[in-house]
Protein chains: 2
Amino acid sequence: MAEDPDSARLLARLAAIVGERNVLTDPAEQARYLEEWRGLYHGLTPAVIRPATADEVAAVLKVASETRTPVVPQSGNTGLVGGQVPDESGHELVVSLDRLDRIRAIDVEGGTMTVEAGTVLQRVQEAAEEAGLFFPLSLGSQGSCRIGGNISSNAGGTGVLSYGNTRSLVLGLEVALPSGELWNGLRALHKDNSGYDLKQLFIGAEGTLGIVTAAVLKLFAKPRGRSVAFVGLSAPRQALGLFQLARERTGSLLTGFELIGRTGLEFAVRHLPGARDPLAEAHSWYVLLEISSGRSEADAQELMEAVLSAAFQDGLLADATIASSGEQQAAFWELRHGLSEVQKHEGASVKHDVSVAVHLIPEFIERALAAVTATVPGCRPVPFGHMGDGNIHFNISQPVGAAPGGFMARAGALNDAVHGIIADLGGSIAAEHGIGRSKRELLRRVRAPLELDLMRRVKAAIDPLGIMNPGRVI
Amino acid sequence: MAEDPDSARLLARLAAIVGERNVLTDPAEQARYLEEWRGLYHGLTPAVIRPATADEVAAVLKVASETRTPVVPQSGNTGLVGGQVPDESGHELVVSLDRLDRIRAIDVEGGTMTVEAGTVLQRVQEAAEEAGLFFPLSLGSQGSCRIGGNISSNAGGTGVLSYGNTRSLVLGLEVALPSGELWNGLRALHKDNSGYDLKQLFIGAEGTLGIVTAAVLKLFAKPRGRSVAFVGLSAPRQALGLFQLARERTGSLLTGFELIGRTGLEFAVRHLPGARDPLAEAHSWYVLLEISSGRSEADAQELMEAVLSAAFQDGLLADATIASSGEQQAAFWELRHGLSEVQKHEGASVKHDVSVAVHLIPEFIERALAAVTATVPGCRPVPFGHMGDGNIHFNISQPVGAAPGGFMARAGALNDAVHGIIADLGGSIAAEHGIGRSKRELLRRVRAPLELDLMRRVKAAIDPLGIMNPGRVI
């Protein structure tokens, strides 16, 4: 690309902003920015630009705007829908936020943290903890995903049940707009109705309206005690009853309710180093249940015992074990967090990130299991996820011994089967991973023309030149 | 107006949609829609239109759009910033939602309610309760405000501490757009990242982008027990310490933390029928503290006693009493809810609805008290409000015996004094009541040109003809 004089001029202008060594043109240096971690998307770029400050991000966008250069913002490169990887055209500039990783301030009294977009989620969690507070966003990829990407994708994760999606954890934003202007909306207010709530535009917009450069996050009082149980049961309908019982008895103290199918557990036990089945006998379904207490560990345990004993009496579970140490709690959670990754050891897989109203989960799972096994006999469905949020990752691994290519050729049919049921139940085909590139066509099929039109109008209003992450979302 | 042939034609078209008797042109019938309850805003309108269905609302907007007729949506007409009353031009059509008041569905298993915009908030609360669930939005005006207005103003109220603003209580929306199209976004999903979250545009937009016709609301498990205490203390700084202690010990079980100054309590005791001071001696400041438990009344009481006793030992309170019955709990809350209304018995008043980061509340109050008493010697500040949300209603009653007109002539100077401190502390001049007509000029002074420009771009994208509540907000 650098041989093209326009391109050379562009890169020189960008180098003047971020410094020569932060304009990566060497294929070896670019590699980790151009490949998505599962290997599903590969792209090309004239350069990966690594600004170190919000002002540099804004200046880069100003140049992009003046030269009509499309920009792909990239945070931790852990996204699952191809939104953060450039396309194959070689025209899209990658703007990486990985150097923009300062924690600007922690306000212990006010319970807020001001943090730059490139900060790794786990560092945010740890910094909150060091300050005696708690940041509840928690994902499988927390060791490498970065908070800007979490915000731009309105990440969900395992804390949503009690604390909400990322959207509800953000008090203020700083955003570099496509025009090159930097919007400072870093307010730390719990209530502010002074005009339109502009930050809502950028949360979950997947980098199509601007680049989030920093945020004010809400921190919470750290629960003083937790109890984590692993429950075996026979069907999702039992799990729904258990959820309702637990929710009624514990309210917002119910901080985790994850459903896991037997196949997923088997995969995890087989492929995660040191993993073992927490229960003596096999069950068709499992629930990982977490209760947190603001009082004490003993209080959380007591509540957990009361919930499990009431559930047992009501016939809502077959067996259960409560983690007896922090290590065991972590081990239970690792089984759950590892579920997405272990599938790769079992051959090709087709994944769905869907949601329905919580009480429709059993019906959805029953119908989807029937539909996918009819579509590809012998396939191994691995449904799991945040049942308490109505969000299931309805993943499907290939039949044992089948050719991966042959299975993947049926991906479209499997998608149609699952998404058809979702449409029928009024659900979402993109519950927490977003649209990116992989679901853009699907979005056009499932959302009403009026909704797509409204989205396009918002896009045109904020990014009139269409340089921000084009071809993603809308 | 009806003598103008254009106007007559317009009203005939509207009558064809909603029926002759729902196009109010008689001044006596119009009166209650044209006057704001405090008498601060009076307007004129060619007609008050009362559609009964969402389709009728959309059809009315289509006609308004075709004829470029400005529209003022009106819900319960309890707004405090003049957003819901037409101006004096006589050109603005009032579209009242008061006939659109059906509860379309309550889903007990899923914990949601689908309700039309004109439903009175208290009816929403009661319907939730009858279904064994709980809708936490609670305001002084709940007997007359309507849920569409609550959503359009992103209402706050006393439940925000634990449950969030109205924004976080809404899962889905149905909105009549200025074009006359009806957007059905009535999803009941806790997680949905399939494209831009369009409902966020309309929540808090004060009717400037469209008319909310229905919503899917989140319902919660009803707390099994509550404890309400009335605490006397010497200064807001003590109250902040008490808040932090209570928050740390009770987390999300802390469902109310309201600060009240002595003058406000005196006004309430003097003017609210049957009201009495809950404490034996006078204190400079009070806190109404509410703790809710998912377990039992006794559990809530026990937690409250533990909090109060620790606070007493730490020197964070002077005296406290815990309500001994449901009636007494209600009486404590009535003192708080009545504070805004009782001021009218004490002559003219100037009001501010401001927020800062929670830990800055003591500094704000100290500085604002000094500033306003320096501006109008003898004035009686009545600060009170949702301290736990950082939101204070910094109201000021006129000096005893002064001429109301003379005091109101100083309103601008008082506003400047209070808002100057808010700007200095990074706060908001419109924490929960919105902008409407009364704060539009102020908004232009306090928000950055870039923010105002973004708001105008959003407005132009969704309401290109500018017919929706023009002259409000932006």
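Contacts of A:Asp107 with chain B are made by side-chain atoms alone, with heavy-atom separations under 4.5 Å and no backbone atom involved. Of the atoms belonging to A:Leu240, it is side-chain heavy atoms, and not backbone ones, that fall under 4.5 Å from chain B. Heavy atoms closer than 4.5 Å to chain B are found in the side chain of A:Ala221, but not in its backbone. Only the backbone of A:Leu182 comes within contact range of chain B, with at least one heavy atom under 4.5 Å from a heavy atom of that chain. For A:Asn165, the part lying near chain B is the side chain, with the backbone staying farther off; criterion is any non-hydrogen pair under 4.5 Å. Proximity to chain B (any heavy atom under 4.5 Å) is shown, for A:Lys459, by both the backbone and the side chain. Of the atoms belonging to A:Leu443, it is side-chain heavy atoms, and not backbone ones, that fall under 4.5 Å from chain B. Contacts of A:Val160 with chain B are made by side-chain atoms alone, with heavy-atom separations under 4.5 Å and no backbone atom involved.
B:Ser153 has its side chain out of reach of A:Asn193: every pair of non-hydrogen atoms, C-beta onward, lies at least 4.5 Å apart. At least one side-chain heavy atom of A:Arg167 sits less than 4.5 Å from a side-chain heavy atom of B:Gln200.
What you find for B:Gly110 and A:His359 is that their closest heavy atoms are CA-ND1, 3.2 Å. Closest approach of A:Lys191 and B:Gly156 over heavy atoms only: CE-CA, 4.0 Å.
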- Would you please test A:Glu248 and B:Arg224 for salt bridge (charged side-chain N to carboxylate O under 4.0 Å, His left out) and show each step? CA-CA 9 Å; A:Glu248 205 213 306; B:Arg224 294 201 175 173; 2.4 Å; yes

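For residues 169-178 of chain B, the interface with chain A (any heavy-atom pair closer than 4.5 Å) comprises B:Leu177, sorted by residue number.
With salt bridges taken as basic N to acidic carboxylate O contacts below 4.0 Å, one links B:Arg187 and A:Glu451. Under a 4.0 Å N-O distance rule, the pair B:Asp299/A:Arg295 qualifies as a salt bridge.
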